Chemist: 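Just passing along the structure, written as structure tokens.
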Amino acid sequence: MNLKKKFKHFLRYIGRMPLLLNLIGSMAGAYVWLAGKSGRYDVRGIREFEQLIAEHNGGIFVCWHGRALMLPFFWSNPRPMKALVSPHADGRIIARLLRMFHIFSIDGSSDRNARGAALEIVKELNSGTVVSLISDGPTGPGMRLNKSVIYFAQKTGKPVMGFTYSAKGAKVLRRNWDDMLIPPLFGEGVVRGTKPLFVPADADEAEMERLRAVFEAELNALTAEADEMCEVKGIVPGHEKKKKGGR
């Protein structure tokens with residue numbers, strides 16, 4: 001049995017053990033806190049978004065799966081934030097981590113509670129909550145923007161901003177499809193944010209796809225820029241989780 005299959009079986013096993021899931025999430029959250037507190041990061045992009053959401057009473061916070069780990073630490077705004085989280089075992093771990101930073105979850109994924117989660121996201125955005133979306137999970141392709149982000153922006157009129165970060169000396173989990181980036185303790189890095197995106201209520205499918213592609217390209221360009229600044233190499237968009245039976 002290869003490493004990925006072992007990990008999948010492990011997640012299924014611990015999925016029946018909520019106390020263990022909470023423990024793992026707490027340990028991950030403690031590392032995020034320590035890495036953030038001990039490190040030095042330029043977070044001006046996040047601060048610009050905070051001003052934007054104050055002006056528009058909420059907004060949509062987007063990041064890639066591989067760049068999601070540290071962003072709960074960088075978010076320090078008192079405005080409520082909720083994040084779409086998978087109801088599976090790995091999602092329970094993430095939900096516990098997020099709660100440590102006062103970010104609460106909306107349960108849903110492409111295969112479970114998709115419609116219910118979409119309705120809740122629209123409701124939360126209309127009420128002034130910031131909603132965080134990891135737009136390329138859970139199977140990839142990595143660093144590809146899901147069109148649902150554009151739909152939510154159109155439906156609510158809220159601004160969208162994408163965020164990414166990199167850090168010198170970071171560990172990249174290259175055996176995984178998302179190239180998860182884990183910064184070191186006492187590290188130095190940067191956080192970058194896209195220009196705000198507004199989607200007109202009357203945008204047709206062609207315009208929505210154009211906006212999706214432009215936003216995706218900008219976020220990927222910022223990720224590459226951050227990696228170059230921090231001397232992180234070899235991360236490219238488009239990786240997918242291998243299908244069962246694939247090589």
Side-chain angles (χ1 to χ4, degrees), residues 11 18 21-22 24-33 35-36 43 45-46 49-50 52-53 56-140 142-153 155-156 158-165 178 180-182 191 193-194 197 215 219:
L11 285 178
L21 293 177
N22 280 337
I24 295 171
S26 296
M27 292 172 63
Y31 184 85
V32 167
W33 187 87
V43 295
I46 296 277
F49 180 58
E50 291 175 346
L52 184 71
I53 62 171
H56 296 276
N57 191 32
I60 302 170
F61 184 109
V62 173
C63 64
W64 298 137
H65 205 275
R67 304 298 167 117
L69 183 64
M70 290 300 298
L71 289 173
F73 177 85
F74 298 139
W75 178 257
S76 61
N77 194 281
R79 180 180 289 267
M81 176 185 277
K82 288 193 173 183
L84 182 64
V85 175
S86 163
H88 303 294
D90 53 347
R92 297 304 89 210
I93 294 171
I94 294 168
R96 172 55 185 156
L97 186 160
L98 292 173
R99 286 199 302 272
M100 296 176 67
F101 297 93
H102 308 290
I103 300 171
F104 297 91
S105 59
I106 297 171
D107 290 339
S109 65
S110 58
D111 61 343
R112 292 179 62 179
N113 193 38
R115 184 174 184 276
L119 292 174
E120 186 173 352
I121 288 169
V122 170
K123 178 182 177 182
E124 292 292 346
L125 287 170
N126 285 331
S127 70
T129 300
V130 176
V131 172
S132 174
L133 299 174
I134 297 176
S135 189
D136 58 348
T139 61
M143 302 171 73
R144 300 300 190 199
L145 188 73
N146 190 295
K147 64 181 180 181
S148 63
V149 172
I150 307 301
Y151 163 79
F152 292 130
K155 190 74 173 177
T156 64
K158 302 298 182 180
V160 186
M161 279 190 73
F163 293 90
T164 188
Y165 72 92
D178 61 0
M180 174 67 74
L181 187 140
I182 303 176
V191 180
T194 67
L197 171 68
F215 187 89
L219 186 52

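These numbers were taken from a predicted model, which means no experiment stands behind them. As a basis for the values below, the full set of heavy atoms in this structure was taken, side chains included, without hydrogen atoms, waters or symmetry mates.
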Chemist: Is the distance between the ring centroids of Phe74 and Phe163 less than 6.0 Å?
Modeler: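 Ring centroids of Phe74 and Phe163 are no less than 6.0 Å from each other.
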
Chemist: List in chain and number order the residues that pass side chain to side chain contact (heavy atoms under 4.5 Å, CB included) with Ala153, two or more places apart in sequence or in another chain; answer none if no residue qualifies.
Modeler: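 Here the qualifying residues are Ile60, Val160, Val199.
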
Chemist: Below 4.5 Å, heavy atoms only, C-beta onward: do Lys123 and Leu119 meet side chain to side chain?
Modeler: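 Lys123 does not reach Leu119 side chain to side chain.
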
Chemist: So among Arg79, Lys158, Lys82, Lys155, which one has a salt bridge (charged side-chain N to carboxylate O under 4.0 Å, His left out) with Glu124?
Modeler: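 Among the candidates, only Lys82 passes.
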
Chemist: Please give me the minimum heavy-atom distance between Pro72 and Leu69, naming the atom from each residue.
Modeler: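 Answer, listing the atom of Pro72 first, then Leu69: CD-O, 3.3 Å.
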
Chemist: Ignoring hydrogens, what is the shortest heavy-atom contact between Leu125 and Thr129? Give both atom names and the distance.
Modeler: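 Shortest heavy-atom separation between Leu125 and Thr129 comes out as CD2-O, 3.7 Å.
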
Chemist: Can you tell me which residue among Thr156, Ile121, Val149 is in a side-chain contact (heavy atoms from CB on, under 4.5 Å) with Val131?
Modeler: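 Per the side-chain contact (heavy atoms from CB on, under 4.5 Å) rule, the option paired with Val131 is Ile121, out of Thr156, Ile121, Val149.
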
Chemist: Going through the checks in order, is the side-chain contact (heavy atoms from CB on, under 4.5 Å) test met by Trp64 and Leu145?
Modeler: CA-CA 8 Å; Trp64 298 137; Leu145 188 73; 4.1 Å; yes

Chemist: Aromatic rings Phe61 and Trp75: how do their planes relate, parallel, tilted or perpendicular, breaks at 30° and 60°?
Modeler: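 The arrangement is perpendicular - the two ring planes meet at more than 60°.
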
Chemist: Could you tell me which residues satisfy side chain to side chain contact (heavy atoms under 4.5 Å, CB included) with Met27, sequence neighbours excluded, listed by chain and number?
Modeler: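 Per chain and number, Met27 pairs via side chain to side chain contact (heavy atoms under 4.5 Å, CB included) with Leu23.
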
Chemist: Taking Thr194 for the side chain and Leu219 for the main chain, is one N or O donor matched with an acceptor at less than 3.5 Å?
Modeler: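 No; zero donor-acceptor contacts below 3.5 Å.
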
Chemist: Do the side chain of Asp136 and the main chain of Met143 share a donor and acceptor less than 3.5 angstrom apart?
Modeler: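 Yes; judged by distance alone, with no hydrogens or angles, the pair exists.
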
Chemist: Supply the atom-to-atom distance Leu84 CG to Ile94 CD1, rounded to the nearest 0.5 angstrom.
Modeler: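 Rounded to the nearest 0.5 Å, the CG-CD1 separation comes to 10.5 Å.
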
Chemist: Please give me the minimum heavy-atom distance between Ile134 and Ala68, naming the atom from each residue.
Modeler: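 So the minimum-distance heavy-atom pair works out to CD1-CB, 3.7 Å.
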
Chemist: If you take all heavy atoms of Arg96 and Ser26, which pair is closest and at what distance?
Modeler: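 Closest pair (atom of Arg96, atom of Ser26, distance): NE-OG, 2.9 Å.
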
Chemist: Answer yes or no: is there a side-chain heavy-atom contact under 4.5 Å between Arg92 and Asn22?
Modeler: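 Sidechains of Asn22 and Arg92: no contact.
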
Chemist: Return each pair, listed once, that meets salt bridge (charged side-chain N to carboxylate O under 4.0 Å, His left out) where at least one residue sits in residues 62-71; pairs must be two or more places apart or across chains.
Modeler: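 Sorted result for residues 62-71: Arg67-Asp227.
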
